[in-house]
Amino acid sequence: MKPHHEHEFEAAPGLPEALPAGERILWQGSPDWKRLAVDAFHVKRLTIYFVAMLLLQVVLSWDATASLRSNIGALTISGSLAAIALGLLALTAKLSASTTMYTITNKRIVMRIGIVLTLSFNLPLRWIQSAHVKLQDDGYGDIALELKGEDRIAYLHLWPHARAWHVKKPQPTLRCLANAEQVGAQLHTAWQQRQAEIAASPNADAGERDLDRKSTRLHSSH
């Protein structure tokens, strides 16, 4: 199974192909880049680490016999390298968020991700076994998707849009959403309605399975 590679054309924002008749967009959104920098790229923790290392450098490496300019120069070099590293991580988080679009329709979830190489993953709602909403105090949060069956997306293909520590069977995750609780509720309603439709018309579901074989599919991890 291979993901869809999208470079120059989108039928609609976040969608590599036009939606078929009877399918409609319920919600679209992207991660908050500042939250992504903190939660996925650990910029805050690394900032604390670098500050601690600079303080340790002051305690252990300050040379009382050297000039003040020499001591400050050494700290400046260390601080500059730390700032560059943090800046690159923050920039990567911003680019990752700006190139990501999550789409929920009444039949599927589409994740368009990737900075240099754009990938679109199509996740029919019937493939979703459960969704795990992780909320923070201010309403931001993640929605991790547990998939049915053996098909799965390789963790490295998903990151940072994957649930942490679930490497063996990765869970695609809608990261750092500003209104995660409302989006989770909307997804739950769509999932329930889709299950009811499939139960009422199993033949239609079989037809969609044939269509899925010709369109975007999950990428098998190895």
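A heavy-atom distance below 4.5 Å is found between the side chains of Leu117 and Leu119. Put simply, the side chain of Asp39 reaches to within 4.5 Å of the side chain of Gln136, judged on heavy atoms. Looking at Leu55 and Val59, their side chains never come closer than 4.5 Å, going by heavy atoms from C-beta outward. When side chains are defined from C-beta on, Leu123 counts as touching Met111, because their heavy atoms get closer than 4.5 Å.
When every heavy atom of Arg163 is checked against every heavy atom of Ala144, the shortest pair comes out as CD-CB, 3.7 Å. Considering all non-hydrogen atoms of both residues, Ser30 and Ala97 come closest at CB-O, 3.9 Å. When every heavy atom of Ala180 is checked against every heavy atom of Leu135, the shortest pair comes out as CB-CD2, 3.6 Å.
Residue Phe41 holds its CZ atom at 11.5 Å from CG of Leu46, rounded to the nearest 0.5 Å. Taking OG from Ser78 and CD from Gln57, the interatomic distance works out to 3.5 Å, rounded to the nearest 0.5 Å. We find the CG-CD1 distance between Leu158 and Ile153 to be 4.5 Å, quoted to the nearest 0.5 Å. The CD atom of Glu181 sits 16.0 Å away from the NZ atom of Lys134 when rounded to the nearest 0.5 Å. Between the CZ atom in Arg108 and the CG atom in Leu26 there is a gap of 12.0 Å [rounded to 0.5 Å]. A distance of 10.5 Å separates OG1 of Thr103 from CG of Asn122, quoted to the nearest 0.5 Å.
At least one donor-acceptor pair closer than 3.5 Å links the side chain of Lys148 to the backbone N or O of Arg126. Not one N or O on the side chain of Tyr49 forms a donor-acceptor pair closer than 3.5 Å with the backbone of Lys44. Proximity of a side-chain donor or acceptor of Gln28 to a complementary backbone N or O of Pro13 within less than 3.5 Å is detected. One N or O on the side chain of Asn106 and one on the backbone of Gly22 form a donor-acceptor pair closer than 3.5 Å. Not a single donor-acceptor pair under 3.5 Å links the side chain of Arg152 to the backbone N or O of Leu147. His188 places no side-chain N or O within donor-acceptor distance of the main-chain N or O of Gln186, the cut-off being under 3.5 Å. Side-chain atoms of Thr105 come within 3.5 Å of backbone atoms of Lys107 as a donor-acceptor pair (strictly under, hydrogens ignored). When atom types are taken as modelled, the side chain of Asp142 and the backbone of Cys176 share a donor-acceptor pair closer than 3.5 angstrom.
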- Message: With side-chain contact (heavy atoms from CB on, under 4.5 Å) as the criterion, how do Lys168 and Tyr155 come out once you've worked through the C-alpha distance, each side chain's angles and the decisive distance to 0.1 Å?
- Response: CA-CA 8 Å; Lys168 186 175 181 180; Tyr155 190 87; over 6 Å; no
- Message: Checking Val183 against Ile143 for the side-chain contact (heavy atoms from CB on, under 4.5 Å) test, could you report, in this order, the C-alpha distance in whole Å, the side-chain angles of both residues, the deciding distance, and whether it holds?
- Response: CA-CA 9 Å; Val183 176; Ile143 302 176; 3.7 Å; yes
- Phe50 and Leu86: side-chain contact (heavy atoms from CB on, under 4.5 Å), yes or no, with the steps? CA-CA 9 Å; Phe50 285 136; Leu86 293 172; 3.9 Å; yes
- Query: side-chain contact (heavy atoms from CB on, under 4.5 Å) between Leu145 and Leu187: does it pass, once the steps are laid out?
  - Reply: CA-CA 11 Å; Leu145 307 172; Leu187 174 58; 3.9 Å; yes
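Criterion: ILVMFWY side-chain heavy atoms under 4.5 Å apart, direct or through other members. Under it, Val110 and Ile25 are part of a common hydrophobic cluster. Transitive grouping of hydrophobic side chains (ILVMFWY, heavy atoms separated by less than 4.5 Å) keeps Leu156 and Val116 in distinct clusters. Cluster membership check: Ile48 does not share its hydrophobic cluster with Val58, using side-chain heavy-atom separations under 4.5 Å among Ile, Leu, Val, Met, Phe, Trp and Tyr. Both Leu125 and Phe121 are assigned to one and the same hydrophobic cluster, defined by single-linkage of ILVMFWY side chains at heavy-atom distances under 4.5 Å. Hydrophobic clustering of Ile, Leu, Val, Met, Phe, Trp and Tyr side chains at less than 4.5 Å, counting indirect connections, keeps Leu81 apart from Leu91.
Applying the 6.0 Å contact sphere to NZ of Lys169 captures more than 12 heavy atoms from other residues, nucleotides or ligands.
For residues 130-149, the set of pairs meeting the ring-ring contact (aromatic ring centres under 6.0 Å, His included) definition, not counting sequence neighbours, is empty. Residue pairs meeting the side-chain hydrogen bond (donor to acceptor under 3.5 Å, both in side chains) criterion with at least one partner in residues 81-100, sequence neighbours excluded, are Thr100-His161. For the ring-ring contact (aromatic ring centres under 6.0 Å, His included) condition, no pair includes a residue of residues 14-38, sequence neighbours left out.
Through chains of ILVMFWY side-chain contacts below 4.5 Å, Ile84 is grouped with Leu88.
Listed by chain and residue number, nothing satisfies the salt bridge (Lys or Arg N to Asp or Glu O under 4.0 Å) test with Glu146 (two or more places apart in sequence, or in another chain). Thr189 pairs by the side-chain contact (heavy atoms from CB on, under 4.5 Å) definition with Gln193, not counting sequence neighbours.
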